[in-house]
Amino acid sequence: MDHFHYVNGELHIEGVPASAIAEAHGSPVYVYSAQTFKDHCSVVRSAFSGLEPLICFSVKSCSNLAVLKLLVEQGCGLDVVSGGELYRALQAGAAPEKIVFAGVGKSREELTYAIDAGVFLFNAESEGELARIDEVARAAGKRVKAAVRVNPDVADADTHEKTSTGGRQTKFGVPLLRAEALFERNLYRHVDVVGIHVHLGSPIAATATYLAAIDKVEQLADRIEASGGKIEFINIGGGFPAHYRASEAREYCSLGEMGAAICDRLQGLKRRGKHFIIEPGRSISANAGILLTSVEYVKQGWERKIAIVDAGMNVLLRPTLYGASHAIWPASFGAFDGHWSALPGLGGTNDGEGFDAIDIVGPICETGDYFALGRAMPALDGGDLLAIFSCGAYGMSMASQYNSRGRPAEVMVEKDRQRLIRHRESYADLVAHELCGL
Ligand SMILES: Cc1ncc(COP(=O)(O)O)c(C=O)c1O
């Protein structure tokens, strides 16, 4: 569960009212709960305790330095996919021995940086990449470890096509049947290829999807070891779900069941001395963050009312990019007391009775700039502060300056203290890197 509750009708993040954060830092603003991050680390750790894995938080899901630092202090390693993310990881104090480096297109420059930094494991996605890692490691006079990301041709039926990564039609990994050859002993002089990595998509709702991929990974490990190769690490990636709808919030503990089933299926490999890595992103960060946004105007459209808020698709892209549904509600609501998932209007499906359908849209010049269409909401007015829930993952980390709108501020709440962890971008920030010859 997370720490976003209404107290006498006022949304609180831990002990701080949402209104106090908007007053201090304006809107739109991303707000995170430190305790929720910590609790979710514990939930993930306990769900996968049967494997004692290295937990590498997926930096791409929520990459603010303060967040990474907090998670590193909780004992997490980090999963990075670019030189920039590696820079963040090191700035946040992550030990290089707890950093894994994934991504389909690592440049020579990124590999040099990562090898110099002493990154623990490279998740290589192609033969060409392994050859390049070998070459860069030779030039650096080092020997490094790599896992091969395999494409198991396993896709989850419910995962959005843009975030499904385990199917044969995607660009990710090395097709299972071609992977075996890459584990041949002494194929590379400066890379020990000792791990198998899979990441099936984000999120993966069905445990059966993981189990199907794990079976294929285990068979691959058997074949590799039968022909003289050696597997030390199995990395099953991330994609463990978070809750976006109120009903899912009430069922969050199901991560325990999913983890237990996965651990169970991997016990054979554990008995053979393999070490495990997981790369959770959203299951730790999604429900640790919300977006506060103010209503600028409410107008009557042809079909229904439209509320125009001060955040746009440049601030939160998921609804228009993935058709993602986030619960949205006023930060001030009668005398309601309790967790947001129990709000009367949200029900199980966010289609509360007794409220009018309204579009919640942003100020960007795109029809796709919306957060919800035809959503049942209490009557809204200009100046109302709204909370968009479950925005901690792929929220700020996907934000842009489109329409020359600065990215929002970020605030971390810990008990009854709020701390600014990123300034709102100014007009000067928007042009800071531009050279116009003046
Ligand atoms: C290789 C890899 N690992 C882990 C993740 C994290 O996924 P999630 O945030 O759904 O846990 C991703 C997300 O795209 C990924 O590409």
Side-chain angles (χ1 to χ4, degrees), residues 4 6 9-11 13 17-31 244-245 289-334 340 343 345-346 350-352 354-392 394-396 398-411 422-427 429-430:
F4 299 89
Y6 284 77
E10 293 301 322
L11 175 63
I13 298 90
S19 54
I21 295 169
E23 251 164 55
H25 302 292
S27 76
V29 55
Y30 276 100
V31 187
Y244 291 98
R245 291 166 196 268
I290 61 171
L291 174 63
L292 295 177
T293 180
S294 301
V295 177
E296 295 283 6
Y297 306 99
V298 177
K299 67 178 181 182
Q300 181 64 53
W302 278 90
E303 313 231 318
R304 53 187 173 242
K305 283 196 169 152
I306 302 170
I308 298 126
V309 299
D310 60 4
M313 63 192 275
N314 66 311
V315 173
L316 177 66
L317 190 58
R318 299 186 73 255
T320 193
L321 183 62
Y322 304 134
S325 173
H326 288 260
I328 306 177
W329 208 252
S332 182
F333 182 58
W340 63 269
L343 279 161
L346 290 181
N350 211 3
D351 59 355
F355 300 108
D356 287 336
I358 189 165
D359 295 346
I360 312 286
V361 306
I364 301 277
C365 304
E366 297 272 350
T367 309
D369 180 31
Y370 59 80
F371 298 118
L373 298 178
R375 184 71 66 87
M377 297 278 291
L380 297 179
D381 242 327
D384 285 350
L385 186 66
L386 303 183
I388 306 185
F389 293 93
S390 315
C391 289
Y394 309 102
M396 184 61 176
M398 292 179 100
S400 75
Q401 297 174 333
Y402 184 43
N403 272 204
S404 286
R405 289 181 169 274
R407 278 169 288 209
E410 294 179 286
V411 168
R422 193 181 205 275
H423 288 285
R424 178 178 313 289
E425 287 176 351
S426 65
Y427 291 152
D429 290 330
L430 293 176

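Any value given below was found using the heavy atoms of this structure, including those in side chains, with hydrogens, waters and symmetry copies removed.
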Distance, nearest 0.5 Å, that separates [atom1] of [X] from [atom2] of [Y]:
X: Ser400; Y: Asn314; atom1: OG; atom2: CG; result: 5.0 Å
X: Ile328; Y: Trp340; atom1: CD1; atom2: CH2; result: 11.5 Å
X: Leu385; Y: Leu380; atom1: CG; atom2: CG; result: 11.0 Å
X: Leu11; Y: Phe4; atom1: CG; atom2: CZ; result: 8.0 Å
X: Met398; Y: Arg407; atom1: CE; atom2: CZ; result: 13.0 Å
X: Tyr402; Y: Glu366; atom1: OH; atom2: CD; result: 3.5 Å

Requested in this report: Sorted by first residue and then second, give each side chain to side chain donor-acceptor pair (under 3.5 Å) pair with at least one member in residues 301-313; sequence neighbours left out.
Outcome: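 Every side chain to side chain donor-acceptor pair (under 3.5 Å) pair that includes a residue of residues 301-313, provided the two are not neighbours, is Ser27-Asp310, Thr293-Asp310, Arg304-Asp359.
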I need the minimum non-hydrogen distance between [X] and [Y], along with the two atoms involved.
X: Ile290; Y: Ala387; value: CD1-CB, 4.4 Å
X: Ala307; Y: Val295; value: CB-CG1, 4.4 Å
X: Pro408; Y: Met396; value: O-CE, 3.4 Å
X: Leu316; Y: Phe371; value: O-CE2, 3.4 Å
X: Ala331; Y: Ala18; value: CB-CB, 4.2 Å
X: Pro28; Y: Arg424; value: O-NH1, 2.8 Å

Query raised in the report: Are Arg318 and His326 close enough that a side-chain donor and a side-chain acceptor fall under 3.5 Å?
Result: yes
Query raised in the report: So, does Asn403 use its side chain to make a donor-acceptor pair with the main chain of Ile364 at under 3.5 Å?
Result: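 The answer is no, because no donor-acceptor pair under 3.5 Å joins these two groups.
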Query raised in the report: Would you find a donor on one side and an acceptor on the other, under 3.5 Å apart, between the side chain of Tyr30 and the backbone of Val315?
Result: yes
Between [X] and [Y], is any pair of side-chain heavy atoms under 4.5 Å apart?
X: Pro330; Y: Met377; value: yes
X: Pro378; Y: Phe333; value: yes
X: Thr320; Y: Asp369; value: no
X: Ile21; Y: Val29; value: yes

Query raised in the report: So, for Phe355 and Trp329, is the gap between ring centers shorter than 6.0 Å?
Result: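 Under 6.0 Å, so yes.
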Requested in this report: May I have the step-by-step check of side-chain contact (heavy atoms from CB on, under 4.5 Å) for Leu430 and Ser404, ending in yes or no?
Outcome: CA-CA 7 Å; Leu430 293 176; Ser404 286; 4.1 Å; yes
Requested in this report: Check step by step if side-chain contact (heavy atoms from CB on, under 4.5 Å) holds for Leu386 and Val309.
Outcome: CA-CA 9 Å; Leu386 303 183; Val309 299; 4.0 Å; yes
Query raised in the report: Does atom CG of Asp356 have more than 12 heavy-atom neighbours from other groups under 6.0 Å away?
Result: no
Query raised in the report: Under the side-chain contact (heavy atoms from CB on, under 4.5 Å) criterion, do Leu292 and Val31 qualify, and how do the steps go?
Result: CA-CA 7 Å; Leu292 295 177; Val31 187; 3.8 Å; yes
